[in-house]
Amino acid sequence: MAKRSIKSQKCGRDARVPSIQQILLKWFRANARDLPWRQGRTPYAVWVSEIMLQQTQVATVIPYFNRFMKRFPTVEKLARAKQDTVLKHWEGLGYYSRGRNLHKAAKLIVSDYGGQLPDTVEELKKIPGIGRYTTGAIASIAFNRPAPILDGNVIRVLCRLFCIDGNPKEDATKKQLWELADTLVHTQHPGDFNEAMMELGAMVCTPQNPQCPKCPLRNQCDAKKQGRQHELPVRQKQKALPHYTIVVGVVYKGDRILIDKRRQNALLGGLWEFPGGKKKSGESFKAAVAREVKEETGIEVTVGKRLCIVKHTYSHFKITLHAYLCEYKRGIAKPLACDAIKWVTPKDLKKYAFPAANLKIFPKIYNL
Ligand code: ADE
């Protein structure tokens, strides 16, 4: 028997590839949203936007992207900035390792690549924070290389278009999806094609209530033919997130408040916070505050009234945070279990980047 082409072995759907490509490119040219990173595109702007767009909705990213590009318009400006300034521009966007890596990568690009983002898949992969998805996005959108991309939107479009009912979180299905994305990507217009796939997923082929009557690929879609568009992609049952009880001290010494910088490699690394941590079972709230402040900064405090209780959900866990007003008693504050400490006025708190749950304490401090 004659050997089948690699592409047809991979998906057996080659005949549909050109029509899917043409229909999607035409649809995208008529329907693409006018997003800030689509204007006067530079590789740097593509890179920044694609990092911000990981796990984050377009509407959330827009104001962050605009502020970031105004403050750091070039890779050199970003490389020269302090990490604190970069993280302040990331505050509230979440997944802060993205901001830290972007900054680290900017320095590397200036020192080792003459300030130019590399334009090949092989080189892009070596840059901190640029994984398989971002490599494909930058290579295709900024440099017109026929590299595939696979994000949540593309996964949904592919699973429905080709009725893939494996779990996309599992390696075998993921491999199949990457191969499909690779087979489909348009060789002349890879960037537009990849963006078209993402745009279709965001605007039409949505997780709930997909707009099939409006879909340019409705006649090509296997899931639509079989009436399975609502059940694909298959979803894993969400595990309940772990919950932690956190205590923090808003420690005053005169008119200044003690803040500390989280360790670089910790979750939310590089952000500032009020000293605190997990309450142990059986421990009173006030004892836990005094212990955590001492462990983190070496000082002893008198724990006063509770300022507020904050509930917050992060990507991998939930917290209930109890913030207590504290007064400095004795000792010299040192960064014992953190990277730095500072005594700041309430007015200056806003200059530092804090995690979302800590930001919710600010109004209580301003109303004291
Ligand atoms: N999500 C990720 N990249 C995107 C892009 N370039 N345009 C719109 N949404 C996106």
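Only heavy atoms go into these numbers, but all of them, side chains included; no hydrogens, no water, no symmetry mates. As the structure lists them, so they are numbered: ligands from 1, and atoms in each ligand from 1.
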Worksheet item: Is there a path from V234 to V157 through hydrophobic residues (I, L, V, M, F, W, Y) whose side chains come within less than 4.5 Å of each other?
Response: no
Practice prompt. Scan Y96, F274, W90 and name whichever one has a ring pair (Phe, Tyr, Trp, His ring centres under 6.0 Å) with F354.
Written response: F274
Worksheet item: Is there a salt bridge (charged side-chain N to carboxylate O under 4.0 Å, His left out) between K261 and E273 once you walk through the steps?
Response: CA-CA 6 Å; K261 194 185 218 179; E273 63 177 12; over 6 Å; no
Worksheet item: Considering only heavy atoms, which of E199, M198, R38 lies nearest to atom 7 (N) of ligand 1?
Response: R38
Worksheet item: Just which atoms of ligand 1 are under 4.0 Å from any heavy atom in E195?
Response: 5 (C), 6 (N), 7 (N)
Worksheet, complete the sentence: min-distance protein heavy atom vs atom 3 (N) of ligand 1 -> E50 OE1, 2.8 Å
Discussion item. The test is side chain to side chain donor-acceptor pair (under 3.5 Å); show your working for Q54 and T134 and say whether it passes.
Written reply: CA-CA 8 Å; Q54 290 168 10; T134 314; 2.7 Å; yes
Worksheet item: Around K360, counting heavy atoms of other residues, nucleotides and ligands shown, do more than 12 lie under 6.0 Å from its NZ?
Response: yes
Fill in: Under 4.0 Å to a heavy atom of V58 - the qualifying atoms of ligand 1, by number
9 (N)
Worksheet item: Which ligand 1 atoms, with their elements, are less than 4.0 angstrom from a heavy-atom of L53?
Response: 1 (N), 2 (C), 3 (N), 4 (C), 5 (C), 10 (C)
Item to complete: Please verify whether a non-hydrogen atom of Q54 lies at under 4.0 Å from ligand 1.
Response: no
Worksheet item: Looking at W37, which atoms of ligand 1 are within less than 4.0 Å of one of its heavy atoms?
Response: 5 (C), 6 (N), 7 (N)
Worksheet entry | SG-NZ distance between C326 and K286, expressed to the nearest 0.5 angstrom | 9.0 Å
Discussion item. Considering both backbone and side-chain atoms of R33, is one of its nitrogen or oxygen atoms within less than 3.5 Å of a nitrogen or oxygen in ligand 1?
Written reply: no
Fill in: Those atoms of ligand 1 less than 4.0 Å from some heavy atom in Y133
2 (C), 3 (N)
Discussion item. Taking the cut-offs as 6.0 angstrom to the six-membered ring centre and 45 degrees off its axis, would you call K350 and Y366 a cation-pi pair?
Written reply: yes
